[in-house]
Amino acid sequence: MRQIVLDTETTGLNPRTGDRVIEVGCVEIFNRKLTGNNYHCYINPERESDEGALAVHGLTTEFLSDKPKFHEIAHELRDFIQGAQVIIHNAPFDLGFLNAEFTRMGLPPFVQYCDGVIDTLVQAKELHPGKRNSLDALCDRYDISNAHRKLHGALLDSELLADVYLAMTRGQNSLTMDVEEETSNDGEALEIVPLGEIIVVTASSDELAEHDTVLAGLDKSVKGNCVWRTYAA
């Protein structure tokens with residue numbers, strides 16, 4: 001399977017008000033391995049970046065002034081991602097900008113060239129509900145070094161996200177352990193010992209009563225049965 005981890009930097013937050021893409025970074029994964037076949041370009045947006053956006057990416061108007069315009073790189077970007085599954089963190093943001101750029105050129109939306117889109121922010125929220133799931137937070141959670149990330153950059157962020165995605169989707173091959181004969185360094189068989197006992201702690205009657213009181217309060221607030229009672233039923 002060919003997958004492309006993609007990130008963009010932009011002049012602001014809203015393509016509908018004229019904000020443009022100024023950087024695209026893509027990292028290729030094939031059969032869950034990084035290939036090193038990446039794509040990266042800076043783009044002249046023909047407008048200045050908002051102050052807040054500039055503080056995030058640091059790409060000045062002067063730096064971008066001699067870079068190609070989006071219509072000059074659109075076809076090579078399209079060819080690079082054609083038919084691949086695209087992986088993006090907070091996909092609606094990047095896709096909104098890329099779709100707008102392609103539509104501006106009279107082309108089909110960017111997403112039509114992809115073989116599906118994976119939003120790693122959605123995945124992370126499902127795996128880690130109630131926790132911070134920014135790219136920096138995920139790097140910390142999966143022990144991926146991002147010490148060199150002082151400012152946002154499309155290619156750098158794509159490289160970090162590729163590592164995060166592979167770590168986040170690695171999964172477990174098995175939830176059970178097969179007992180096999182092990183040997184010591186000198187080749188002698190080691191004694192097989194039983195696994196530890198599984199201890200199950202059940203709730204006391206007082207705890208169950210307190211739990212029921214909490215559910216009753218939830219029932220009252222929703223004027224019916226709360227989701228926990230529905231699930232139990």
Side-chain angles (χ1 to χ4, degrees), residues 1-15 19-43 45 49-60 63-64 70 73 77 80-81 84-101 110-111 113-172:
M1 177 184 291
R2 183 171 184 261
Q3 298 173 301
I4 301 296
V5 183
L6 181 147
D7 186 54
T8 65
E9 297 300 333
T10 63
T11 62
L13 298 176
N14 193 346
D19 283 315
R20 304 289 299 274
V21 175
I22 59 174
E23 185 185 7
V24 178
C26 300
V27 172
E28 184 181 61
I29 299 174
F30 190 76
N31 289 339
R32 294 189 57 80
K33 295 184 184 299
L34 298 171
T35 67
N37 177 31
N38 300 336
Y39 175 82
H40 175 250
C41 67
Y42 293 109
I43 300 162
S49 291
D50 295 344
E51 186 175 339
L54 183 59
V56 169
H57 54 65
L59 300 175
T60 64
F63 173 78
L64 297 170
F70 192 91
I73 64 91
L77 172 61
F80 187 81
I81 62 93
Q85 189 178 58
V86 176
I87 300 167
I88 307 174
H89 199 67
N90 191 18
F93 179 86
D94 300 86
L95 291 179
F97 274 92
L98 291 170
N99 286 338
E101 294 284 2
F110 173 85
V111 73
Y113 301 102
C114 310
D115 185 19
V117 176
I118 292 176
D119 190 336
T120 49
L121 179 58
V122 173
Q123 282 189 331
K125 287 180 176 180
E126 291 174 350
L127 290 170
H128 312 289
K131 296 185 179 180
R132 292 178 58 248
N133 289 300
S134 65
L135 181 56
D136 284 333
L138 291 172
C139 285
D140 290 341
R141 190 168 299 143
Y142 290 101
D143 295 324
I144 294 166
S145 175
N146 62 345
H148 51 306
R149 186 186 190 234
K150 305 304 180 186
L151 291 170
H152 286 241
L155 184 60
L156 172 59
D157 287 1
S158 292
E159 291 171 339
L160 291 172
L161 183 58
D163 289 335
V164 165
Y165 172 76
L166 292 174
M168 190 165 59
T169 58
R170 186 174 295 127
Q172 291 178 290

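These numbers come from a predicted model, not from an experiment.
- The two residues A154 and G25 come nearest to each other via the heavy atoms CB-N, 3.4 Å.
- Between L77 and F70, the closest heavy-atom pair is CD2-CZ, 4.2 Å.
- Across all their heavy atoms, I81 and I4 have their closest contact at CG2-CG2, 4.0 Å.
- No donor-acceptor distance shorter than 3.5 angstrom exists from the side chain of T8 to the backbone of V21, with no hydrogens or angles considered.
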Given the rule in the side-chain contact (heavy atoms from CB on, under 4.5 Å) test, do F80 and I73 qualify, once you have shown the distances and angles that lead to the verdict?
-> CA-CA 11 Å; F80 187 81; I73 64 91; over 6 Å; no
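- The nearest pair of heavy atoms linking L135 to D157 is CD2-O, 3.8 Å.
- Using modelled atom types and a 3.5 Å distance limit, the side chains of R32 and T169 yield a donor-acceptor pair.
- For the pair N146 and D140, the tightest heavy-atom approach, listed with the atom from each and the gap, is OD1-OD1, 4.3 Å.
- Judged purely by atom type and a 3.5 angstrom limit, R141 has no side-chain atom pairing as donor or acceptor with the backbone of V164.
- Proximity of a side-chain donor or acceptor of D119 to a complementary backbone N or O of N90 within less than 3.5 Å is detected.
- For the salt bridge (Lys or Arg N to Asp or Glu O under 4.0 Å) condition, the pairs that include at least one residue of residues 86-101, sequence neighbours left out, are R20-E101, E101-R104.
- Of the possible polar contacts, one joining the N99 side chain to the F110 backbone as a donor-acceptor pair under 3.5 Å is found.
- Just one residue in the list T10, I22, V56, L59 forms a side-chain contact (heavy atoms from CB on, under 4.5 Å) with S49, and that residue is I22.
- Aromatic ring orientation, F93 versus F97: tilted (interplanar angle from 30° to 60°).
- Minimum interatomic distance between T35 and E28 (heavy atoms only, all atoms of both residues): OG1-OE1, 2.6 Å.
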Step by step, would you call D163 with L34 a side-chain contact (heavy atoms from CB on, under 4.5 Å)?
-> CA-CA 9 Å; D163 289 335; L34 298 171; 3.7 Å; yes
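- At distances below 3.5 Å, not a single donor-acceptor pair connects side-chain atoms of D7 with backbone N or O atoms of V5.
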Just distance, no hydrogens or angles: give the donor-acceptor pairs under 3.5 Å from side chains in residues 121-130, sequence neighbours left out.
residue: H128; atom: NE2; partner: Y142; partner atom: OH; Å: 2.8

